[in-house]
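Below is one structure, written out as structure tokens, with a few remarks after it.
Heads up: numbering here begins at 1 and tracks the sequence.
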Amino acid sequence: MDPVLAARYRALLLAGLVRPGAPDLDPRGRVLVVDPARQRLGLLEDGRLAFEAGVSTAQNGLGCEENSFRTPTGWHRIHDRIGAGAAPGTVFRSRVATGEVWRGEDREDDLILTRVLTLDGLEEGWNRGSGRDSLARFIYLHGTNRERDLGRPRSHGCVRLANADVAALFDRVAEGDPVLIAAEPLGAGLGLGRLHFAGVAGSGMSALAQFVAMKGGRASGSDRSFDRGQRPEARRQLEALGVALHLQDGSGLAGDCAGLVVSTAVEVEVPDVAEARRRGVPVLHRSELLAHLVARHRTVAITGTSGKSSTVAMAFEILRGAGRDPSVITGGELASLQAEGLWGNAWAGGSDLLVIEADESDGSVVRYHPAVGVLLNLQKDHKDVEVVAELFRAFRAQIREACVVGEAENLRAFAGGAEVVGLGPEASLRAEDLVLDPEGSSFRVGGVPFRLAVPGRHNVENALAAIAACRALGVPLAAMAAPLAGFRGVARRFQVLGTRGGITVVDDFGHNPAKVAASLRTAHLRTAADGRVLAVFQPHGFGPLKFLRADFVDAFTAELAPRDRLWFLKVFYAGGTVTRDISSADVVADLVARGVAAEVAPTREGLVARLAAEARPGDLILVMGARDPSLTELAKAILEALRGTLEA
């Protein structure tokens, strides 16, 4: 069952607890919630949505008055379970089986069928007492011969269900179980109540928290980096949007928390998770919430082992520049949104268009059913290629409108019926007259000239995918040229921080072999004829480094020129129970054996000083790595040290 919907039912339940006559609930116990706004019914058990079904409440609306033919709101309990063992379609009148069985034939009369759950109001003077008593009004949960009307308010006061659903529900509940027929709206936003994000400073989690807040919903969060006093700017950005921040000690789960959102990186030992289990708060994976948002929008979902964030950003900028007012949820920080004072990885537009980054690394890409799906490439990264291909097959089958596929040979199996993009003759949407230069590229698509202000052949391929996705949404090619020309990139995607004395410093997200190779090729475009690439690389985890060890060695060996230099930082470790059975020194030894000028940097401070002393005009210093937010500060420190060296 969908944990996102569990959060909605819990939010309705929490709103109902302020009503007079609300029962004293076991937070992990069983409670039935009828959601008239959605014409759905859900059964919560231990914080999980154990059962859900469509219903039909009263055509006359909600109300408790006798002879109003309205569905009574507020708290009830199941008074009696009638019809155990009766055949499906058994007809009841006045709570008694008549012996007649409905077998699907058309009937003018409105029948009560299969099972009956009678309701006893708990709110004195509202749904209990003279003239408004639910039990006296013969208010039931029951099966119906009007199953075609489910999902719309069509009853005479009772809550109707499909006959199979009422029989299944009957077997899951008992006399005395609490039932809430919700009346109170959940207010603005996504209708999910307050969501608490554990690890809210992470790129994916922060994007979702911001999006919820931007849509008028309520979001809170915790992060151990905030507990340590780190990342004050990230804290400021979240609080500016109204995201309430708590210590990561479980305190954020108190009160009106409807759901806890976690990522794959959040371990079960985190206090927020333990507290959610104790309180019966639904636990949602980040991708489950994102899938819920994908389903609510006309979504462009972009996946692949490289280039997702850049392509998402390009598609968003095209749609925005073309006046389509889209939303975006991504892992990278768009320079254009940062220029507006935002974090940069989320924006809530006014239309139904949404652009997202669909992650294959944790397998969550298979959760999404987008309108337009993009498959950029298929390389070894977090998983073997064969494993990722299976994920992509599932994703491809779930695309509702149009599919865009890169031209690589190993993507041909996905290309049937898709727009194939690239630079080769097999591409149906192709870049022609391509010119690559240190600052970007120029090319033509369908006779329309394009200029891209971010360098590298890989970014041309990303731009083609974004163009194809936006064309599938009806944006003319001519309307895309200006937004792409104004595109200023994504933070840490070959982001030039500055140049001092002819030495350029670049901050880059490159963290897998394919990304590292693309970044090094782009770096060589920007160096002078005799200039060097001085590369700094931090492995972003022990598991990824061990899995990709040979591929990293191959990539660095192939792409570094003999004059280039490479320094490995220590493996990034964010905490937790990960096995630390490989080191940067192990990989450096492999590289040295292949003739690469590589070494381990003992300390960051020593590396900054050494680069400042050894770099010469025409060189480019490239800092690469993922997950560690302090890498940008390292790159800035190198740039500042160059300034100091030149001034001295």
For a side-chain contact (heavy atoms from CB on, under 4.5 Å) check, start with the C-alpha distance between F226 and L238, then their side-chain angles and the critical distance, and finish with the verdict. CA-CA 12 Å; F226 294 160; L238 291 170; 4.0 Å; yes
Is D35 reaching over with its side chain to a backbone N or O of G42, donor-acceptor style, under 3.5 angstrom? no
Between R70 (side chain) and E65 (backbone), is there a donor-acceptor pair under 3.5 Å? no
Side-chain donor-acceptor contact under 3.5 Å, Y9 with R40: no
Does NZ or CZ of R115 come closer than 6.0 Å to the centre of the six-membered ring of F170, within 45° of the ring's axis? yes
If we count only N and O atoms by modelled type, under 3.5 Å, do the side chains of Q230 and S225 hold a donor and an acceptor together? no
Side chain to side chain, L353 and V300, heavy atoms closer than 4.5 Å: no
For the pair R137 and E66, find out whether any cationic side-chain nitrogen is under 4.0 Å from an anionic carboxylate oxygen. no
Quick one: ring-ring contact (aromatic ring centres under 6.0 Å, His included) partners of H292, sequence neighbours excluded? none
Close side-chain approach of V212 to L192, heavy-atom, < 4.5 Å: no
Nearest 0.5 Å please: distance from the CE atom of M205 over to the CG atom of L289. 9.0 Å
Looking at every non-hydrogen atom in both residues, tell me the closest pair between V374 and A469 and how far apart they are. CG2-CB, 3.9 Å
Heavy-atom distance under 4.5 Å between the side chains of L113 and H142, does that happen here? no
Exam field: side chain Q398 to backbone R367, donor-acceptor pair closer than 3.5 Å: no
Whether the side chain of E239 engages the backbone of L245 through a donor-acceptor N/O pair (distance < 3.5 Å, no angle test) should be reported. no
Carefully, step by step, assess Q237 and R235 under the rule side-chain contact (heavy atoms from CB on, under 4.5 Å). CA-CA 6 Å; Q237 293 280 6; R235 173 184 280 273; over 6 Å; no
For R146 and S155, run side-chain contact (heavy atoms from CB on, under 4.5 Å): C-alpha distance rounded to whole Å, both residues' side-chain angles, the deciding distance at 0.1 Å, then the answer. CA-CA 9 Å; R146 304 290 179 86; S155 84; over 6 Å; no
Tell me, which pairs form a side-chain hydrogen bond (donor to acceptor under 3.5 Å, both in side chains) where one or both residues lie in residues 293-303, sequence neighbours left out? R298-E401
Between E105 and R103, is the salt bridge (charged side-chain N to carboxylate O under 4.0 Å, His left out) condition met? List the steps. CA-CA 6 Å; E105 69 276 7; R103 302 190 186 279; over 6 Å; no
Taking R132 for its side chain and W126 for its backbone only, find out whether a donor-acceptor pair lies under 3.5 Å. yes
Report the distance from atom CD of E147 to atom CG of D165, rounding to the nearest 0.5 Å. 8.0 Å
Quick one about S206 and N345 (side-chain donor to acceptor, distance below 3.5 Å, no hydrogens or angles considered), yes or no? yes
Report yes if some heavy atom in the side chain of S134 is under 4.5 Å from a heavy atom in the side chain of R128; otherwise report no. no
Might you work through the salt bridge (charged side-chain N to carboxylate O under 4.0 Å, His left out) test for R231 and D223, ending with a clear yes or no? CA-CA 10 Å; R231 307 189 64 191; D223 199 279; 5.6 Å; no
Does a salt bridge link R95 with D80, judged by any charged N lying under 4.0 Å from a carboxylate O? no
Please confirm whether the backbone N or O of S68 pairs with a side-chain atom of N60, one donor and one acceptor, at under 3.5 Å? yes
Any chance you could lay out the salt bridge (charged side-chain N to carboxylate O under 4.0 Å, His left out) test for E52 and R8, step after step, and finish with the verdict? CA-CA 12 Å; E52 198 201 21; R8 175 174 173 84; over 6 Å; no
Is S263 reaching over with its side chain to a backbone N or O of R286, donor-acceptor style, under 3.5 angstrom? no
What heavy-atom pair brings G252 and H196 nearest, and what distance separates the two atoms? CA-CE1, 3.7 Å
Quick test of your reading: applying ring-ring contact (aromatic ring centres under 6.0 Å, His included), list the pairs with at least one residue in residues 56-92, sequence neighbours left out, ordered by first then second residue. none
Identify the two heavy atoms, one from E45 and one from R172, that lie closest to each other, and give their separation to 0.1 Å. OE1-NH2, 3.8 Å
S222 side chain to D272 side chain, donor-acceptor N/O pair below 3.5 angstrom: yes
About how many Å separate CG of L190 and NZ of K215, when rounded to the nearest 0.5 Å? 7.5 Å
Quick one: do R19 and T73 satisfy side-chain contact (heavy atoms from CB on, under 4.5 Å)? Show the steps, please. CA-CA 11 Å; R19 296 178 63 94; T73 56; 4.2 Å; yes
Side-chain donor/acceptor of D133 to backbone N/O of L135, under 3.5 Å: yes
Exam field: side chain R30 to backbone D177, donor-acceptor pair closer than 3.5 Å: no
Separation between CG (L150) and CG (L41), nearest 0.5 Å, reads 11.0 Å
Nearest heavy-atom pair of L43 and V173: which atoms, and what distance? CD1-CG1, 4.1 Å
How long is the gap from NE2 on H156 to CD1 on I139, to the nearest 0.5 Å? 11.5 Å
Heavy-atom nearest pair, V101 first then P88, reads CG1-O, 3.5 Å
Measure the shortest side-chain to side-chain distance between P370 and I399 over non-hydrogen atoms and say whether it is less than 4.5 angstrom. yes
Give a yes or no on whether the backbone of R48 and the side-chain of D46 come within a donor-acceptor separation of less than 3.5 Å. no
Please tell me if the side chains of P36 and I181 come closer than 4.5 Å, counting only heavy atoms from C-beta onward. yes
Got a second to check how far N145's CG is from E108's CD, nearest 0.5 Å? 10.0 Å
Show the nearest heavy-atom pair for residues Q210 and A346, with the distance to one decimal. CB-CB, 4.0 Å
